[in-house]
Amino acid sequence: MIKLNLGFLASHNGSNMQAIINNVKAGKLNANLCAVISNNRSAIAIEKARNENIPAFIVNSSTHPNNSDKEIVRILQQYNVNTVILAGYMKAISKYLIDSFNGRVLNIHPALLPKYGGKGMYGMNVHQAVIKNKESISGATIHLVNEEYDKGPILAQKEISVLPEDTTETLAEKVLKIEHNLYTDVLIKISNGEIVI
Ligand code: GRF
């Protein structure tokens with residue numbers, strides 16, 4: 001069993017990150033919360049990290065022109081991170097970053113990949129497309145990150161029904177709710193060896 005040393009990359013709200021933090025604090029998941037990095041100075045995720053006394057940093061192309069991923073790796077390694085959690089991180093991830101953690105970089109996507117993934121498929125765009133296509137199920141996917149958007153190996157998925165009365169907003173809300181449990185479930189399975197990455 002490998003003790004998870006988690007480092008988070010988050011650009012906005014960080015509710016998935018907070019759900020994982022809460023589950024670690026509640027003893028459901030045995031992991032260290034090592035560091036949080038955002039590209040966005042006003043990300044609520046940074047506030048949340050500071051409220052939890054987790055070291056938090058802003059790294060972007062203004063703070064580190066040309067080498068922001070290098071700086072991200074440096075910080076995460078400084079805090080002994082062995083598993084990188086993308087939690088609403090809106091920037092592409094370089095091969096350098098992925099290789100620096102032996103591919104242990106996870107992402108959560110608010111749909112059932114491979115459907116509704118790829119460039120431009122983020123946030124409300126995803127739910128809008130699902131509603132427009134009159135899908136009867138949607139859900140969330142946890143996958144390993146590779147260099148292509150939303151194309152890495154799938155580790156887990158959870159489905160929900162899309163009801164005729166669902167709107168983009170109600171669907172987004174329902175999916176986010178299941179995301180919060182799914183991320184921790186996968187991390188528990190990684191930590192006890194049920195999922196090997
Ligand atoms: C989630 O819907 C996740 O699937 C996507 O970005 C959103 C992040 O939400 N990758 P939050 O910042 O964790 O609240």
Side-chain angles (χ1 to χ4, degrees), residues 6-25 28-29 31 33-52 54 56-60 72 83-93 97-98 104-131 135 137-162 166-187:
L6 304 178
F8 297 89
L9 300 184
S11 297
H12 294 295
N13 195 25
S15 73
N16 275 287
M17 176 194 83
Q18 185 72 57
I20 295 169
I21 294 170
N22 293 348
N23 286 329
V24 169
K25 284 166 64 182
K28 287 188 197 159
L29 170 65
L33 303 163
C34 302
V36 175
I37 301 177
S38 184
N39 59 312
N40 174 10
R41 190 162 290 291
S42 6
I44 295 173
I46 289 291
E47 254 177 65
K48 287 179 170 156
R50 294 198 170 130
N51 286 339
E52 301 286 350
I54 303 170
F57 306 87
I58 308 294
V59 180
N60 56 37
I72 289 171
T83 309
V84 181
I85 305 295
L86 305 189
Y89 187 62
M90 304 307 286
K91 302 238 331 190
I93 298 291
L97 194 154
I98 298 166
R104 294 173 66 91
V105 181
L106 277 69
N107 184 41
I108 186 156
H109 186 80
L112 297 173
L113 293 175
K115 286 176 110 178
Y116 303 105
K119 218 173 157 72
M121 274 294 152
Y122 60 85
M124 285 302 185
N125 296 354
V126 175
H127 305 298
Q128 231 157 35
V130 169
I131 296 270
E135 297 282 0
I137 57 165
S138 190
T141 302
I142 309 271
H143 65 96
L144 288 174
V145 173
N146 63 18
E147 282 167 286
E148 278 186 283
Y149 277 115
D150 304 324
K151 287 273 174 65
I154 292 174
L155 301 178
Q157 293 190 305
K158 190 159 171 79
E159 295 182 356
I160 54 155
S161 306
V162 184
D166 269 322
T167 61
T168 307
E169 287 73 25
T170 62
L171 181 59
E173 213 173 288
K174 288 193 325 196
V175 171
L176 192 60
K177 205 162 168 193
I178 59 165
E179 286 186 36
H180 290 163
N181 296 324
L182 189 61
Y183 231 149
T184 295
D185 289 350
V186 167
L187 292 172

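Indexing begins at 1, ligand by ligand and atom by atom, following the structure's order.
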Sequence neighbours left out, cut at 3.5 Å: what donor-acceptor pairs do the side chains of residues 171-178 make with other protein atoms?
from	atom 1	to	atom 2	distance (Å)
Lys174	NZ	Ser161	O	3.2
Lys174	NZ	Asp166	OD1	3.4
Lys174	NZ	Asp166	OD2	2.6

Legend entry - Heavy atoms from other residues, nucleotides or ligands near CZ of Phe57 exceed 12 (cutoff 6.0 Å): yes
Legend entry - Non-hydrogen side-chain atoms of Asn107 and Val105 separated by less than 4.5 Å: no
Inset, instruction - For the residue pair Ile85 and Leu187, establish whether any side-chain heavy-atom pair is separated by less than 4.5 Å. - result: yes
Inset, instruction - Please report the shortest heavy-atom distance between Asn39 and Ser11, naming the atom on each side. - result: OD1-OG, 2.7 Å
Between the protein and ligand 1, are there any N or O atom pairs that come within less than 3.5 Å of each other, and if so, what are their names and distances?
from	atom 1	to	atom 2	distance (Å)
ligand 1	2 (O)	Glu179	OE1	3.3
ligand 1	2 (O)	Glu179	OE2	2.9
ligand 1	4 (O)	Ile108	O	3.3
ligand 1	4 (O)	Pro110	N	3.4
ligand 1	4 (O)	Glu179	OE1	2.8
ligand 1	4 (O)	Glu179	OE2	3.1
ligand 1	10 (N)	Ile108	O	2.8
ligand 1	12 (O)	Gly14	N	2.8
ligand 1	13 (O)	Ser15	N	3.2
ligand 1	13 (O)	Asn16	N	2.8
ligand 1	13 (O)	Asn16	ND2	3.0
ligand 1	14 (O)	Ser15	N	3.0
ligand 1	14 (O)	Ser15	OG	2.5

Inset, instruction - Return yes if a side-chain donor-acceptor contact under 3.5 Å exists between Asn13 and Lys48, otherwise no. - result: yes
